[in-house]
Amino acid sequence: MVLVCFLLDLRSLSPPLLKDLKQSLLQLANFYAISSNWRNKSDSLRDRIGLCYVIKNRISSSDELKVAYGPRGDFSLRDFHHAVNSLPSDSFSPEINDSGSLSCHDMKLASVLSDKVLYSWGGKDFIRKVIVLSSTLPDNIDSALKETLMEAADKCVSIEFILLEQRSNHLGDIRECINRFSRCVSDLDNCSFHSYLPEVKVFHGLVKQWLQDLRDDAEEPLQARFIFNSNLAGSLKQISCNLSASVNHIIDGFNPCKTCRCHGVPLGIAGKSRIERPSCQVTCHQLGEFDVNEHSVKVGETTILFMPSFQGCVKLQQASSPVDFYIIERTNLGSLSEGVIFGNPHFVTPSASPEIEAASDEMDQLELNAQLFKGLCSALHSLDQGLVCSSNCNVETMREAIFNCYYILQPSDNGPMLLRRIAGSEEVFPFSDVNRFIDHLVPKEIETSIQSTLFKLDSRDYNPFLYDRGFHQKLNLLVKESLQFGSVPLKSNEATSELDSTNTDSTKVITPSTSSADVVDVDEEMSQADQKAGQDKATATIAEEWEQLVVNEVPVIYSPTCKTKPKCDQSVLILSPPDSSRQLDINTTRILERLEVPRQLKSKAVSPSITSSVNLAMKKPLIPFQASQNQAADQGLTSSQLIRPSFQRLKRKHR
């Protein structure tokens, strides 16, 4: 992680320049507050911004270092704004030297690079950087300043000097001073120097550069390689590059929330009581009415601001149709950078609006709307221009946005137009290290080799149907391997209920005509394979129930296959005829043989309808009834009273 400390020389910054610089620091803090969508996410946003300034004491005429904001724990957007807005605006006290430019005094770098200031902030895992902002430069780097910079290099502290040139400095010898200071700083690896004119675009670029310094992934950019089929130069077939984001996504609005007054975090819900009451997420204690701050607003994912009232903030709602896009201006498509376009593109075609549908001459209105669309598309295409639009709807999320969203409407020759999202000023990232590549000269032999490699590649218009990502092939292979694995084993308490539904479904599948015999055979085989695993566990469950009833003499028991529980004062067990296709294990068979109705009571206990359909010559054990849905609907559930078996004990002969 990078910890950035800003050192401002208020003695040399004029009030207009200081005002612009304040706005830049506030923008940096705002961007950092919504930075939860970066690569390293955490529950809290660590404080990694420091702010110091140097002023001249009007009483003692000595230079003093002040710490306006020191990073301690979690970042506080409110405290940082208060520190920036509290910077003294009357400390501008320039001194003109003999050459006509502003003279520079001690920057108090040694005081900043000390255990009391910079080294006391953060931990050992921080990489520290000091950014010095001033409108003056020292005439030369003396031995004391050079020793301070070298000690900072030993502690891996980088220092960046930024000179904000005054517009009147062209009258003085500022160029010579800049060149002399730049030569002195270039000898130190941990130091860098940049000079800028104080313009709005310059400050926007500086804010984005500082924001990239604070990004967790900025120190390790994503590396990539572009590999060719043939050699580019010699035996080299690849070009190594760094990938960096061109757009900084920001939030669409602020969400109101309720916080606890004890810790200032969003409320949780106490789950111990039946009545949901707010609770503190830190202590998990329930909160009363006066322990809750009703007026809070959530900025991003981790930043909370406490407000006296925030009735104007509403939760972002789902966007309703139709979505309105307001035309702002035309723009040349040749000047539009692809780096500012992001998000999914959307095709735009003419349609019927509610006003057209309500009109009496509906067909004429539809025709007119289509003609207007085609005319606009043709006119923009002939001009090679697009239309810049604004909307309060984020088409990516289809939700309303508090801030404007900008889009570009691009025409086509004879077809639909294309709507694409473009970045605003807050979302654009500056191109990094562009100047480093401008001065590179490419030898003639390398240009010839690259052109030869490019000509070996096929050249054709892009057709997306020729570039298959392989989604269906991979998913089909996974499903095929899953079918070879077999069905998922059933849980013990769901085995028999799943078996009932499977039998019912398989019966329905077999009913179609003979024209779909192949499909029926495949479904029947899969159904039988799925039933086999369930029947084994169902048999074990039935045996366990009967064993508990006979051996343990449990008075009331119900099978998980039954749809309802019997009442507590009943000892009724639902029975069913045996299934000849099911093979019972030895324990179940023995138990059922012991439970068989005695022969002398068979004629009384069994109804005539059942005895007529049962072959008395074959012994069929009784098993718990598993009624299918069709049988239950037609015949209803049949039940019989369980007959407790009586076992005659052998009497001992008394001698």
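Atoms considered below: every heavy atom in the structure, side chains included; atoms not considered: hydrogens, waters and symmetry mates.
- Test Ile328, Val388, Val395 against Tyr407 for side-chain contact (heavy atoms from CB on, under 4.5 Å) and you get one pass: Val395.
- Atom NZ of Lys22 is surrounded by more than 12 heavy atoms from other residues, nucleotides or ligands within 6.0 Å.
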Decide yes or no on side chain to side chain contact (heavy atoms under 4.5 Å, CB included) for Met417 and Phe373, but give the supporting numbers first.
CA-CA 9 Å; Met417 287 193 279; Phe373 179 88; 3.4 Å; yes
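- Within a 6.0 Å sphere centred on CZ of Arg330, other residues, nucleotides and ligands contribute 12 heavy atoms or fewer.
- With a 6.0 Å radius and a threshold of 12 heavy atoms from other residues, nucleotides or ligands, Gln223 has its CD atom at or below the threshold.
- Looking only at side-chain heavy atoms (C-beta outward), Leu387 and Leu376 come within less than 4.5 Å of each other.
- Using a 4.0 Å cut-off between a side-chain N of Lys or Arg and a carboxylate O of Asp or Glu, Asp9 and Arg11 qualify as a salt bridge.
- More than 12 heavy-atom neighbours from other residues, nucleotides or ligands sit within 6.0 angstrom of NE2 on His346.
- Under 4.0 Å is where a charged nitrogen must lie from a carboxylate oxygen, and between Asp213 and Lys129 at least one such pair does.
- Leu163 has its side chain within reach of Glu165: a pair of non-hydrogen atoms, C-beta onward, lies under 4.5 Å apart.
- For Glu427 and Arg421, the salt-bridge test passes: some basic side-chain N is under 4.0 Å from an acidic carboxylate O.
- With sequence neighbours left out, Asp324 forms a salt bridge (Lys or Arg N to Asp or Glu O under 4.0 Å) with no residue at all.
- Listed by chain and number, the residues in a side chain to side chain contact (heavy atoms under 4.5 Å, CB included) with Val67 are Cys52, Val117, Trp121 (sequence neighbours excluded).
- Lys298 pairs by the salt bridge (Lys or Arg N to Asp or Glu O under 4.0 Å) definition with nothing, not counting sequence neighbours.
- Each of Leu77, Asp79, Val84 was evaluated against His81; a single residue qualifies, Leu77, per the side-chain contact (heavy atoms from CB on, under 4.5 Å) test.
- Close placement of the Phe181 and Phe161 rings is indicated, their centers lying within 6.0 Å of each other.
- With contacts defined as side-chain heavy-atom distances shorter than 4.5 Å, the pair Leu305/Val299 qualifies.
- Arg78 CZ: 12 or fewer foreign heavy atoms inside a 6.0 Å radius.
- Between Phe325 and Leu419, some side-chain heavy-atom pair lies under the 4.5 Å cut-off.
- The side-chain heavy atoms of Phe254 and Phe403, taken from C-beta on, include a pair separated by under 4.5 Å.
- Counted by atom type alone, Gln473 and Asp468 present one or more donor-acceptor pairs between their side chains at under 3.5 Å.
- Side-chain contact between Ile178 and Leu137: present, with at least one pair of heavy atoms (C-beta onward) separated by less than 4.5 Å.
- Under the 4.5 Å side-chain criterion, counting only non-hydrogen atoms from C-beta, Thr453 is not in contact with Leu457.
- In this structure, Leu17 and Phe203 have side chains that are in contact, with non-hydrogen atoms separated by less than 4.5 Å.
- A side-chain donor-acceptor contact under 3.5 Å links Gln371 and Glu367.
- In this structure, Phe75 and Tyr69 have perpendicular ring planes: the angle between them is above 60°, well past the 30° mark.
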